[in-house]
Asks: 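Take a look at the following structure, please.
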Amino acid sequence: MTLPVLIALVSGSLLGIVIGAIPGLGPGVAIAILLPVTFSLDPLSGITLLMGVYAGAWYGGAIPAILMNTPGTGVSVLTTYDGYPMTRAGQPQRALSLAYASSFFGGTFSVLVLAFMAPLLASFAKQFGAADMAMAALLAMVLVVTAHRGAQLATAAMLGLGLFLSTIGLEGAYGSPRYTFDSTWLMGGIPLISIILGLFAMSQAFTLIASPDVKKDVPAEVSQGLFSGFKEVLKYPRTLFRSSSFGVSMGILPGVGEFLAQFFSYSSAKRNSKTPDQFGKGAPEGIIASEASNNAVPAAALVPLLALGIPGEVLTAMMLAVFTIHNVDPGPTLFSENGAFVSGLYLSLFMMNFVIVAILIVATRWISLVTRVSDRLLGIAILCFAMAGTYSANYRLTDALLAAAFGLLGFALRRAQVPMVPIILGLVLGPILETRIRQALGGSNGDFTIFVERPISLVMLIIMVLLIGASIFNFRKKA
């Protein structure tokens, strides 16, 4: 209830809604730009601000999806299937209300699961040795690669690039320079801020600037009366609970996230519906399945980060940077050493859903107008903010130039439809993997059998082999 946390809660939620309502942006851009700002805040305010943007964007993405048949964020695609037909039928308020109510239930449900599961997983993680943590980091990487079906080779290559970038600078054990080429500005490694802002903010800015300047559609008019959905969703308790459960389970798994959660939720809702023929024509269950599942992911994605200190996707990787800057170590010891922070985070995430829904009910009519902002104007604004944010992090021109270089790389990867998220995960998980492998081998006098002698490590190794084997089998089957 301190003022900085409340300001971060409200401003992050509002910004997230607005960002989500602008087609083509998504929370990654806003979080990347805000990352340098959070370094001057206390850890709880910084994480609350970023989580507000993360959660708010998934709520806001439903606005253009329902009113204009244009997904505000990538995870709002399935919302268009039934949301826009309902708008065409003259019921935009009903569609939006169902989306907000479903999102609210999914979001609050995932916070409760986080509060229950993270301490349990952290207690279990206290049994983890260095070999187990190394295998956990490696398992996260394997899950990321195998989750990108159809692009697994490209994903593995980008993950490898991220791992390589993580080795640049002074090596941790002996202080030996690696790949610095006698450049003093590379001794500290490539700044995470530069890579994040380049790959996600600047590349998006270049994409928007390069896009044709077309006239955007005017969103459908929205009047008041956005409370009805909160009563209507209760008519579909199974769909609501099942979809939220899919979102939570997929959010916890590294590299899976909202897309797979939505796909399973929507398919399951259609399969179990009494009126499956209505899906794609304005079925309430379709909106509920899509929105409840994707909004259950953000809080659930924090479970592996808080309990193990291992981020499962790019947005939690950015949040790990906030922990690192403030010398807060996520993992098993977080709950015993920073109990006030953890309980404050739970309450902030819980309150966030109420704040976001309150903003949407009052201001949807005006927020929908941001969908008409020019792409090129938006791109120029993002580029300016990203450059300023990169330079202000360390006040070094080299950081800004690096960000611009990674921005061009990200722009090329976007055009080639190559996933960029694995680069960030490789960059963040690389040092964790290297440090834990060193510790494990140091404790075993260089004996690699340490990774199969420990039961936890062995189980994770078997899971990795099965995942890789299944991917190879599916690849050969399609070939």
Side-chain angles (χ1 to χ4, degrees), residues 11-37 49-50 52-54 56-77 80 84 193-222 315 318 359-360 363-393 399-415 417 420:
S11 57
S13 301
L14 179 59
L15 181 61
I17 293 168
V18 173
I19 290 295
I22 301 174
L25 272 191
V29 175
I31 290 177
I33 292 173
L34 287 172
L35 200 54
V37 176
L49 178 66
L50 299 186
V53 174
Y54 188 2
W58 292 163
Y59 276 86
I63 295 174
I66 289 170
L67 300 182
M68 300 168 56
N69 200 28
T70 304
T73 59
V75 299
S76 301
V77 173
T80 63
Y84 188 64
I193 290 291
S194 298
I195 297 180
I196 288 174
L197 281 168
L199 286 178
F200 290 91
M202 290 189 183
S203 68
Q204 182 64 43
F206 293 145
T207 302
L208 291 169
I209 291 169
S211 64
D213 195 12
V214 296
K215 187 176 180 180
K216 296 191 176 182
D217 296 332
V218 179
E221 282 288 328
V222 180
L315 299 181
M318 295 183 197
I359 292 171
L360 286 167
T364 292
R365 183 188 302 177
W366 295 281
I367 291 171
S368 64
L369 298 177
V370 302
T371 58
R372 302 180 66 185
V373 175
S374 166
D375 284 348
R376 291 180 178 176
L377 181 63
L378 202 59
I380 292 168
I382 291 169
L383 201 56
C384 293
F385 282 124
M387 271 293 185
T390 310
Y391 181 75
S392 65
D399 288 5
L401 294 175
L402 272 174
F406 278 102
L408 293 172
L409 173 64
F411 176 66
L413 293 176
R414 283 179 188 272
R415 297 295 288 264
Q417 296 184 333
M420 297 182 294

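This is a predicted model, so every value here is computed, not measured. When a residue number appears, it is its place in the shown sequence, counting from 1.
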Asks: Is there side-chain contact between L360 and I17, with at least one heavy-atom pair below 4.5 Å?
Replies: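 Heavy-atom side-chain distance check passes, below 4.5 Å.
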Asks: Would you name the heavy atoms of L50 and I31 that are closest together and state the gap between them?
Replies: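 Residues L50 and I31, closest heavy atoms: O-CD1, 3.8 Å.
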Asks: When you compare the side chain of I382 with that of F385, does any pair of heavy atoms fall below 4.5 Å?
Replies: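 Of all side-chain heavy-atom pairs linking I382 with F385, none is under 4.5 Å.
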Asks: Say you draw a straight line from CD of Q204 to CG of L197; how long is it, rounded to the nearest 0.5 Å?
Replies: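 Atom-to-atom, Q204:CD and L197:CG are 13.5 Å apart.
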Asks: Can you find a pair of side-chain heavy atoms, one from D399 and one from I193, that are under 4.5 Å apart?
Replies: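 No, side chains not in contact.
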Asks: Quick check: closest heavy atoms across V53 and A30, and the distance to 0.1 Å?
Replies: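 Here V53 and A30 meet closest at CG1-CB, 3.7 Å.
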Asks: State, to 0.1 Å, how close I359 and L14 come at their nearest heavy-atom pair, and which atoms those are.
Replies: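 Taking I359 first and L14 second, the nearest heavy atoms are CG2-CD1, 3.8 Å.
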Asks: Heavy atoms, side chains only, cut-off 4.5 Å: are L383 and F206 in contact?
Replies: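 Yes, at least one pair of side-chain atoms sits under 4.5 Å.
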Asks: So, for F411 and S203, which heavy atoms are closest and what is the spacing to 0.1 Å?
Replies: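 Closest heavy-atom pair between F411 and S203: N-CB, 3.4 Å.
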Asks: Measure the CG-CD1 distance between L208 and I22 for me, rounded to the nearest 0.5 Å.
Replies: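 So the gap between those two atoms works out to 9.5 Å.
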Asks: How long is the straight-line distance from CG of L409 back to CG of L402, given to the nearest 0.5 Å?
Replies: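 One finds 11.5 Å between CG of L402 and CG of L409.
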Asks: Which heavy atom of A201 sits nearest a heavy atom of A32, and at what distance?
Replies: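 Heavy atoms of A201 and A32 come nearest at CB-CB, 4.4 Å.
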Asks: I need the M387 CE to S392 OG distance, nearest 0.5 Å.
Replies: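 Spacing of CE (M387) from OG (S392) equals 12.5 Å.
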Asks: Please name the pair of heavy atoms, one in F200 and one in M318, separated by the smallest distance, quoted to 0.1 Å.
Replies: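 Closest approach of F200 to M318: CD1-CE, 4.2 Å.
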Asks: What's the spacing between L408 CG and L413 CG if we round to 0.5 Å?
Replies: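 Going from CG on L408 over to CG on L413, the span is 11.0 Å.
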Asks: Can you tell me how far apart CD1 (I196) and CE (M420) are? Round to the nearest 0.5 Å.
Replies: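 Interatomic distance, I196 CD1 to M420 CE, rounded to 0.5 Å: 12.0 Å.
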